[in-house]
Amino acid sequence: MTNSDKIRLMQHASDLVNYNPDTGVMTWRPKDVDANGWNEKFVGRECGIIASHGYRVLHVHFEHGRGSKILAHRLAWFICFGELPAGDIDHINQNRSDNRIQNLRDVTRSINCRNSLRSTRNTSGVTGVTWHKLRSKWRARAGIYGRRYSLGLFSELADAEAAVKKFRAENDFTENHGRLPSATARTRST
């Protein structure tokens, strides 16, 4: 899909919804032609679904009935600023369904990765720290701009954690980076 097609799709989608930037909620607008009882069934209801990845997704019919999926946070950005985001849309508080405009920022992929949750596969409890079986020590590592850095091997978990935190502080990671995913991180707080 070309950039101009994406813009036309976003313009079409923005005509179909009402977006409240203070709450982040999008609801369906009434249609002029009430086909199949659309207005009675959907008007005023929140748009889309929360997909398995945690983001709200809208399904919009566009050009000859062809359906397109749109991420609500990208549509919210388009509605507020009138342009497609240049990069990734980062949810500052890491809550993927919180689409309040104050919670969204347009960033590069590298910056977005500096505000990521701890992996559910993490066993040490600290992002960037793993157990090195051969040396029987904690290994501290971090990555930035596609490059991995070895920060050392440590006898104590606390020392490995300190090395990782120091690297993050020096490289503009958010303080939320590596936070444990929780149920509240996936649902909007009211």
S.K.: Distance-only, no hydrogens or angles: does the Arg45 side chain make a donor-acceptor pair with backbone N or O of Lys41 under 3.5 Å?
M.R.: yes

S.K.: Honestly curious: do Ile111 and Phe167 fall in one hydrophobic cluster under the side-chain, below-4.5 Å linking rule?
M.R.: no

S.K.: Regarding Ser4 and Thr2, do their side chains bring together a donor and an acceptor under 3.5 Å, going by distance alone?
M.R.: yes

S.K.: Of the non-hydrogen atoms in Trp28 and Phe42, which two are nearest, and what is the gap between them?
M.R.: CB-O, 3.6 Å

S.K.: Could you walk me through whether His53 and Leu71 pass the side chain to side chain contact (heavy atoms under 4.5 Å, CB included) test, one step at a time?
M.R.: CA-CA 11 Å; His53 47 60; Leu71 293 167; 4.1 Å; yes

S.K.: Is there a side-chain contact between Lys165 and Phe173, using heavy atoms and a 4.5 Å cut-off?
M.R.: no

S.K.: Testing the 3.5 Å rule here: is there a donor-acceptor pair between the side chains of Asn103 and Asn95?
M.R.: no

S.K.: Quick one: closest heavy-atom pair of Val164 and Arg141, and the distance?
M.R.: CG2-O, 4.1 Å

S.K.: Under 4.5 Å between side-chain heavy atoms, hopping through other hydrophobics if needed: is there a path connecting Leu104 to Ile92?
M.R.: no

S.K.: Got a donor-acceptor contact below 3.5 angstrom from the Asp106 side chain to the Ala86 backbone?
M.R.: yes

S.K.: Can any side-chain N or O of His12 pair as donor or acceptor with the backbone N or O of His61 at less than 3.5 Å?
M.R.: yes

S.K.: Under 3.5 Å, is there a donor-acceptor pair linking the side chains of Asn99 and His91?
M.R.: yes

S.K.: Could you tell me which non-hydrogen atom of Arg29 sits nearest to which non-hydrogen atom of Val17, and how far apart they are?
M.R.: NE-O, 2.9 Å

S.K.: With no hydrogens and no angle check, is any side-chain donor or acceptor of Asp159 less than 3.5 Å from a backbone partner on Ala163?
M.R.: no

S.K.: Can you tell me how far the CG atom of Leu75 sits from the CZ atom of Arg56, to the nearest 0.5 Å?
M.R.: 12.0 Å

S.K.: Is there a side chain to side chain contact (heavy atoms under 4.5 Å, CB included) between Arg96 and Gln94 once you walk through the steps?
M.R.: CA-CA 6 Å; Arg96 294 175 174 180; Gln94 299 174 325; over 6 Å; no

S.K.: Determine whether Leu153 and Trp138 fall in the same hydrophobic cluster, where Ile, Leu, Val, Met, Phe, Trp and Tyr are linked whenever their side-chain heavy atoms lie under 4.5 Å apart.
M.R.: no

S.K.: Working note: Phe154 + Val129, criterion side chain to side chain contact (heavy atoms under 4.5 Å, CB included); need CA distance, chi angles, decisive distance, verdict.
M.R.: CA-CA 10 Å; Phe154 302 88; Val129 176; over 6 Å; no

S.K.: Output the distance between atom OH (Tyr55) and atom NZ (Lys69), rounded to the nearest 0.5 Å.
M.R.: 16.0 Å

S.K.: Over all heavy atoms of both residues, which pair between Asn93 and Asp98 is shortest? Give the atoms and the distance, please.
M.R.: ND2-OD2, 2.9 Å

S.K.: Not counting sequence neighbours, which residues clear side chain to side chain donor-acceptor pair (under 3.5 Å) with Ser136? List them please.
M.R.: none

S.K.: Looking at every heavy atom in both Leu157 and Ser124, which two are closest together, and how far apart are they?
M.R.: CD2-O, 3.9 Å

S.K.: What heavy-atom pair brings Trp77 and Arg105 nearest, and what distance separates the two atoms?
M.R.: CZ3-CA, 4.0 Å

S.K.: Near Glu170 CD, under 6.0 Å, is it more than 12 heavy atoms from other residues, nucleotides or ligands?
M.R.: yes

S.K.: Which distance, rounded to the nearest 0.5 Å, do you find between the OH of Tyr19 and the OG1 of Thr27?
M.R.: 12.0 Å

